[in-house]
Amino acid sequence: MNAIGWGASWRIARRDLHLGFRGLRLLFLCLFLGVATLAAIGSLTAAITQELSDRGRNLLGGDIEIAMTQREARLGDKEAFRQLGTLSETIRLRAMAQHEGQGRGDAPPAVLTELKGVDAVYPLYGTLALRQGAYRPLDPDHILIGDALAERLDIRPGDRLRYGVARFTVAAIIADEPDRLGEGFTLGPVAIVSLDGLRRTGLIQPGSLYSAKYRIRLAPRFDAATVRADMEKAHDADGWTLKDRDRAAPGANRFIDRMGQFLSLIGLAALVIAGIGVSNGVASYLAAKRGGIATLKVLGATATDIGRIYRMQVGAVALLGIVTGLIVGALLPPLIVALAGDVLPVSPGFRLHPLPLLTSAAYGLLIAFLFTFPPLGRARTQPAAAIFRGAVESGSGTDRRSLAAMAGAGALLVALALLTAREPLFSAAVLGATAAVLLLLLGLGWAVRRLALIAPRPRRPLLRLAVANLHRPGAQTAALIVALGLALTLFVTLAGIQTSLDSEIRNVVPEKAPNQFVLDIPSAQVGRFRTIAMRQAPEAELNIVPSLRGTIVAYGAQRVADLNELPEGAWFLRGERGVTYSAVLPQGSDLTAGQWWPRDYAGPPLVSLDEEAAKVMNIGIGDTLTVSILGREITARIASLRKVNWDTMGFNYILVFSPNALAAAPHSMTATITMDPGRDGGMTRALLSAFPGISVIAVGDVIDQVGTIMTQMSRAIVAAASVAILAGIAVLVGAIAASRQARSYDSVILKTLGATRWQILGGQALEYGLLASMLALVALALGTTAAWFVIVRIFDFIWSPDWAVVLATLGGGALLTLGIGLAGAIPLMSVRPARALRQL
């Protein structure tokens, strides 16, 4: 029978619990960090996913979208589309906008834009919002422009713009384009005209690079996913790209998937790390309460009473930490959205998402239960005499009842992680890797303690004291190894991620990049183009290549449409890609296998393939590859493999065909121009005057745009990873706090025997220094592995860390952890011997 009831237990727990949670602040902090991180990640992911889902029709512009490049749908296909519901047709291409009037003195001669021709029923969903008045279908002489174009060319409604051979009057400024995100990445501001207006420009010629899109608002009897699947199966050879409202922005969804993987990794890691901090914090608190626990047992309190009293205390603080974490986590997403800027594909408004909050609360409760049970179990089951001797004697292990409860909580935690994960296999791998790291560190802790015990005793007193501290009774060596190892590993991980991202940003700008890309050069006028360009810049380097678009529909005997899932890294199988032909090996490529065809080759079609793509598809020399170009399937034999130097900012094609395979197909030419930057303006004017239908892309503008996005993404990734760093530091503080009672006793004995404060601090500094030195290589290996996984496997970037910075960060982290350890030891120096000895 219990000596104390529930009411009495709560009164004792409440009176003993300090108002400021003294001793349990680490428990509160760790649970707060873990739950807030998970709640913020879950709420942000849910908010973005919900926003994409809610706006799916608007983002896509219909329930179904069929897109094709360099051609329009046949009349029969359009009629079939109309049988499904209301059809809207748009044509989109890159084109140069020229101001017919007088703009600012520093206004550019022309601006690259995304010109979109729309029909009378556009948009099927959503609203095309204007800054002046309401949208009405456009006549062929009017145009709508975006804010960015109005600002760059210093134009306003009523001014005149020229596209190709046609002139337009600006009708209004676009405030919001409903299908902007669904259009994908753009290189310039948007402008919208009617389809008839677009045809007036003369920009659509055989071989021009344009995209025709057909959006359908389905009749109620049709299901979008079913219609899309049926179309993909029936038209897999036509080179169509299909989307439905549930995947309106595949690029945005892929971004969310990758960030979701990374944030899940951070969340799970922070969760486990916080759990270790919880355990250390509770152990430290119960060590400080050793006298009270033993006294209660001497006065007749049962093990159940002790467990209930301190479980109430820990539970109250844990519950407060979880609730506070949930509140902060729910409020953080709007702030993250504001700070992320253009990194996020959409900007969702504030909304509470109950499921991620409930999941985070469940995680917090399970972590609190799992990691507080061992110290609570020892306090509950140890006899009073053993508790009094706890400062100088190692405690007993965890009892079977506690082990069973921990096993159950651990199983529930793993089940919750897997059942709520977007990718259960990925979450299982993260949990397994985290458990392996913890087991490795615990094994190292045991090994270090054994080595310190059997090692010869050093002659120097301070060094001998430091080594003795590693194996003496009550030593917290294993906890310190885990805490220090995690902290140093996290420092290395963050440094590896940051420096690789910095390198990726620097690589956006190669040492030698062309000044301009020129698109849609008529293939019959290449000689004239070359003459004009060389007249403007005699020193210019030109690279002119044919340009087509194609979709890989089969490789070997495998049809892409029959795949349930694309192979890992097979981004080139997703939609259309650039295709070219060449009689010689293209610039920026190195032949790695096979042979190039002769200049006068006239046999069956041949193709040269990027070697990385060949590895992904598991094909090689002699295998066949089928590509749909302009709706026609072309099957070619692989004659060679190439290493493509993607960082040259030149023309890099995965597929290069023999000339006889594609030369007869309608196509245009594309060129790069490398010259003195001061000639850019004159070159653009001269080329546009001679070729109104071309598009000139300033490489510097592209680099700035991509660099800005990469920088924002880098900051977001590092900020998220920093949460784990905070959790790791909290664990280190908890490990130091857990050994405070024993160290207080040691310092008092040493001071009684004549040791100075500096000698005591020096001994502890040597102890932490020895541990940090032994863990440095382990932390370097674990941290770089984790950083590599994030950079390469999650974000598909190049692994290129700055090893000097990584090693410097490791050294700085070691010094920081040493400083934290010594800071925790400073209060022990002021403990009075008489008072400390009376507490034993």
Side-chain angles (χ1 to χ4, degrees), residues 93-115 149 152-155 160-167 187-189 191 201-205 207-210 509-547 578 580 582 584 586-588 648-652 667-706:
L93 71 161
R94 297 183 179 93
M96 304 299 292
Q98 300 178 73
H99 189 186
E100 288 287 287
Q102 182 64 38
R104 295 192 306 256
D106 59 347
V111 172
L112 179 70
T113 65
E114 297 284 336
L115 182 63
L149 180 57
R152 291 189 63 181
L153 288 179
D154 189 24
I155 54 180
R160 301 274 288 174
L161 277 179
R162 180 161 68 92
Y163 277 96
V165 297
R167 289 168 174 80
L187 288 175
T201 64
L203 296 175
I204 299 179
Q205 299 291 334
S208 298
L209 293 176
Y210 65 91
V509 188
E511 293 183 4
K512 185 177 181 181
N515 302 69
Q516 295 178 339
F517 283 95
V518 185
L519 310 179
D520 289 331
I521 305 168
S523 57
Q525 300 188 48
V526 171
R528 183 182 174 214
F529 174 87
R530 188 183 298 275
T531 299
I532 294 172
M534 297 306 293
R535 184 186 304 148
Q536 290 296 317
E539 80 290 355
E541 296 180 17
L542 301 181
N543 182 24
I544 306 174
V545 300
S547 181
T580 190
S582 178
V584 297
Q587 295 180 13
T648 61
M649 289 293 290
F651 292 123
N652 299 308
H667 66 277
S668 60
M669 308 297 284
T670 303
T672 61
I673 306 177
T674 305
M675 59 185 171
D676 181 354
R679 299 183 183 271
D680 285 359
M683 180 67 76
T684 300
R685 292 185 185 92
L687 292 178
L688 283 175
S689 177
F691 304 98
I694 66 171
S695 298
V696 181
I697 301 173
V699 174
D701 293 344
V702 178
I703 290 173
D704 290 343
Q705 184 177 351
V706 175

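The basis for the numbers below is simple: all heavy atoms, side chains too, and nothing from hydrogens, waters or symmetry mates.
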**Request:** Taking side chain to side chain contact (heavy atoms under 4.5 Å, CB included) as the test, write out the residues that go with T580, two or more places apart.
**Result:** V545, P546, Y653, V656
**Under the side chain to side chain contact (heavy atoms under 4.5 Å, CB included) test, residues paired with A191 that sit two or more places apart** = L115, I143, I145, L149, Y163
[atom1]/[X] to [atom2]/[Y] distance, rounded to the nearest 0.5 angstrom?
X	Y	atom1	atom2	result
D676	N515	CG	CG	8.0 Å
I521	I694	CD1	CD1	6.5 Å
M96	L519	CE	CG	10.0 Å
T670	F517	OG1	CZ	9.5 Å
N543	T674	CG	OG1	8.5 Å
L203	Y210	CG	OH	12.0 Å

**Request:** Decide yes or no on side chain to side chain contact (heavy atoms under 4.5 Å, CB included) for L542 and R530, but give the supporting numbers first.
**Result:** CA-CA 8 Å; L542 301 181; R530 188 183 298 275; 3.7 Å; yes
Looking only at heavy atoms, which two atoms of [X] and [Y] are closest? And how far apart?
X	Y	answer
H99	L153	ND1-O, 3.3 Å
D520	S208	OD1-CA, 3.5 Å
S523	H667	OG-O, 3.5 Å
Q98	L688	CD-CD1, 4.0 Å
M683	A533	CE-O, 3.3 Å
A97	T113	CB-CG2, 3.9 Å

**Message:** One pair to check against side-chain hydrogen bond (donor to acceptor under 3.5 Å, both in side chains): Q516 and T684. What are the steps and the verdict?
**Reply:** CA-CA 9 Å; Q516 295 178 339; T684 300; 3.0 Å; yes
**Criterion side chain to side chain contact (heavy atoms under 4.5 Å, CB included) on I544 and V518, from CA distance to verdict** = CA-CA 9 Å; I544 306 174; V518 185; over 6 Å; no
A side-chain contact here means heavy atoms from C-beta on lying under 4.5 Å apart; do [X] and [Y] qualify?
X	Y	value
E539	M675	yes
L687	I673	yes
I155	L161	yes

Considering residues at least two apart in sequence or located in another chain, which fulfil the side-chain hydrogen bond (donor to acceptor under 3.5 Å, both in side chains) criterion with [X]?
X	result
S695	none
Q525	R528
Q536	none

**Request:** Name all residues meeting the salt bridge (Lys or Arg N to Asp or Glu O under 4.0 Å) criterion together with R535; count only those two or more places apart in sequence or in a different chain, and write none if there are none.
**Result:** none
